[in-house]
Enquirer: 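Here it is, the structure, as structure tokens.
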Amino acid sequence: ADSLGSLEALVTLLKDANIPVQRAGIGPVTKKDITDASSNIEKDPLLGVILGFNIPQPEGVPESVSVLTNTVIYRLIEDYQKWAEHKKKSIELGALDLLVKPCRIEILKGYVFRQSNPAVCGVHVQAGTLKTGTPLMTHDGRDLTVVKGLQHEQENIEKAEKGKQVAASLPNVIIGRQLHEGDILYSAIPEEHYRKYKEFKEYLTNDEKVLLKEIGQIMRKTNPVWGV
């Protein structure tokens, strides 16, 4: 902050709002402030931030470090709270992106391009999102294959969403033996991923919630406490 009185007022308001303060000082932002904030990002991304009251916005700050300044104390607190909320959402959405996506697909009849090594066939995404690398299981929960690749109009794609019809490359199965035209397959979501989805359910669409419930019911036929 620009003065001792301003600094004491700011620290008091931050503590009242349950926002922890590592260090407080008078004057412009220093290199040590930036270094300390950068170190905090590794421990807790929501605390790797510098708040400045009535001081100039510093130059040459790394993109990883956020500096929030304002000339009104209560607005500075609000700025931090909005920043923290946005940051938390970004972190949680990033974590969701690493999980196996829920999906339900149908093997299209009349669109088997290769029976094996790997099998290549047309699929219809009935619900959710089909991505390359997605493990697939049968309607009764038996692990079957992993999506090796996807194509749409002869172009390689990374994912296909609800309603799309794409060609899928499926290794380690033979169409006509383990897999048949018209079969319905689901993404084989690991149990820990399923639990993580439950933590972040506010970010899921209604379709995703319904599909996850369907997958959970399939898995609980053999393990009643799966995902609970």
Side-chain angles (χ1 to χ4, degrees), residues 45 87-152 156-228:
K87 189 74 174 176
K88 181 182 178 184
K89 184 175 181 179
S90 297
I91 293 168
E92 291 176 342
L93 288 174
L96 274 180
D97 234 18
L98 300 175
L99 306 180
V100 172
K101 296 290 184 187
C103 72
R104 183 178 69 239
I105 65 172
E106 177 189 4
I107 307 299
L108 291 172
K109 295 179 180 178
Y111 287 91
V112 175
F113 307 112
R114 188 191 299 158
Q115 285 188 293
S116 62
N117 296 322
V120 179
C121 60
V123 302
H124 173 230
V125 183
Q126 293 184 336
T129 302
L130 180 66
K131 295 182 69 174
T132 56
T134 298
L136 296 174
M137 66 179 184
T138 60
H139 69 280
D140 56 1
R142 178 170 49 86
D143 289 339
L144 189 66
T145 184
V146 175
V147 178
K148 184 179 179 182
L150 295 170
Q151 280 196 346
H152 183 252
N156 291 329
I157 59 175
E158 288 298 314
K159 64 180 181 179
E161 294 169 337
K162 180 181 177 180
K164 291 285 179 112
Q165 293 186 355
V166 297
S169 174
L170 308 174
N172 304 318
V173 291
I174 299 174
I175 297 180
R177 291 190 184 177
Q178 300 99 329
L179 189 59
H180 300 84
E181 296 179 42
D183 280 357
I184 302 296
L185 304 179
Y186 293 82
S187 52
I189 296 178
E191 189 173 10
E192 62 271 22
H193 288 203
Y194 185 86
R195 291 197 182 104
K196 191 66 72 175
Y197 275 121
K198 288 168 69 176
E199 290 179 29
F200 299 145
K201 60 184 178 182
E202 67 267 28
Y203 301 128
L204 303 177
T205 65
N206 285 334
D207 281 350
E208 287 173 328
K209 291 176 183 176
V210 169
L211 185 52
L212 282 165
K213 184 177 180 181
E214 200 173 334
I215 290 170
Q217 288 171 342
I218 289 171
M219 300 307 295
R220 290 188 198 108
K221 287 178 182 177
T222 53
N223 180 1
V225 296
W226 187 91
V228 174

Enquirer: Report the distance from atom NZ of Lys201 to atom CD of Glu199, rounding to the nearest 0.5 Å.
Expert: 11.0 Å
Enquirer: Supply the atom-to-atom distance Leu211 CG to Lys101 NZ, rounded to the nearest 0.5 angstrom.
Expert: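 It is 12.0 Å, given to the nearest 0.5 Å.
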Enquirer: Within a radius of less than 6.0 Å around NZ of Lys109, do more than 12 heavy atoms belonging to other residues, nucleotides or ligands occur?
Expert: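 Atom NZ in Lys109 is not crowded, with 12 or fewer foreign heavy atoms closer than 6.0 Å.
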Enquirer: Tell me, which pairs form a salt bridge (charged side-chain N to carboxylate O under 4.0 Å, His left out) where one or both residues lie in residues 180-195, sequence neighbours left out?
Expert: Glu191-Arg195
Enquirer: If a pair satisfies ring pair (Phe, Tyr, Trp, His ring centres under 6.0 Å) and one of its residues is in residues 88-137, list it, with sequence neighbours excluded.
Expert: none
Enquirer: What are the two closest non-hydrogen atoms of Ala160 and Ile157, and how far apart are they?
Expert: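 For Ala160 versus Ile157, the nearest heavy atoms are CB-CD1, 4.3 Å.
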Enquirer: Can you give me the closest heavy-atom contact between Gln126 and Lys162, atom names plus distance?
Expert: O-CG, 3.5 Å
Enquirer: On a heavy-atom basis, which atom in Ile91 and which in Pro45 lie closest, and how many Å separate them?
Expert: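 Here Ile91 and Pro45 meet closest at CD1-CB, 3.7 Å.
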Enquirer: Which pairs count as ring pair (Phe, Tyr, Trp, His ring centres under 6.0 Å) when at least one residue sits in residues 158-194, sequence neighbours excluded?
Expert: Tyr194-Trp226
Enquirer: Can you list every pair that meets side-chain hydrogen bond (donor to acceptor under 3.5 Å, both in side chains) and has a residue in residues 128-140, with sequence neighbours left out?
Expert: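 Qualifying pairs: Thr132-Glu158, Thr138-Asp140.
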Enquirer: Listed by chain and number, what are the ring-ring contact (aromatic ring centres under 6.0 Å, His included) partners of Tyr197, not counting sequence neighbours?
Expert: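 Once residues adjacent in sequence are excluded, Tyr197 has no partner under the ring-ring contact (aromatic ring centres under 6.0 Å, His included) criterion.
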Enquirer: Mind checking the CE-OG1 spacing from Met137 to Thr145? Nearest 0.5 Å is all I need.
Expert: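 Met137 atom CE to Thr145 atom OG1 measures 14.0 Å (nearest 0.5 Å).
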Enquirer: Got a sec, which pairs hit salt bridge (charged side-chain N to carboxylate O under 4.0 Å, His left out) with one end in residues 87-96, sequence neighbours left out?
Expert: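 Salt bridge (charged side-chain N to carboxylate O under 4.0 Å, His left out) check on residues 87-96 returns no pairs.
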Enquirer: Mark yes or no for whether Lys164, through its side chain, and Leu130, through its backbone, hold a donor-acceptor pair below 3.5 Å.
Expert: no
Enquirer: State, to 0.1 Å, how close Lys198 and Gly227 come at their nearest heavy-atom pair, and which atoms those are.
Expert: NZ-O, 2.9 Å
Enquirer: Show me the side-chain donor-acceptor pairs of residues 169-179 shorter than 3.5 Å, one per line, residues at least two apart or across chains.
Expert:
{"residue": "Gln178", "atom": "OE1", "partner": "Ile174", "partner atom": "N", "Å": "2.8"}

Enquirer: For a quick test of reading the model, state the closest non-hydrogen atom pair linking Ala168 to Leu150 and the distance between them.
Expert: CB-CD2, 3.8 Å
Enquirer: Would you please name every residue forming a side-chain contact (heavy atoms from CB on, under 4.5 Å) with Thr205, sequence neighbours left out?
Expert: Asp207, Glu208
Enquirer: Got a sec, which residues hit salt bridge (charged side-chain N to carboxylate O under 4.0 Å, His left out) with Asp143, two or more places apart in sequence or on another chain?
Expert: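 Scan of Asp143 (salt bridge (charged side-chain N to carboxylate O under 4.0 Å, His left out), adjacent residues dropped) gives none.
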Enquirer: Under the rule for side-chain contact (heavy atoms from CB on, under 4.5 Å), what residues qualify as partners of Val146, not counting sequence neighbours?
Expert: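 For Val146, the residues satisfying side-chain contact (heavy atoms from CB on, under 4.5 Å) (neighbours in sequence not counted) are Pro135.
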Enquirer: Taking all atoms of both residues into account, what is the closest heavy-atom pair of Cys103 and Leu136, and its distance?
Expert: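 Closest heavy-atom pair between Cys103 and Leu136: SG-CD2, 4.4 Å.
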Enquirer: Suppose the criterion is salt bridge (charged side-chain N to carboxylate O under 4.0 Å, His left out): which pairs have a residue in residues 210-228, not counting sequence neighbours?
Expert: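 Salt bridge (charged side-chain N to carboxylate O under 4.0 Å, His left out) check on residues 210-228 returns Arg104-Glu214.
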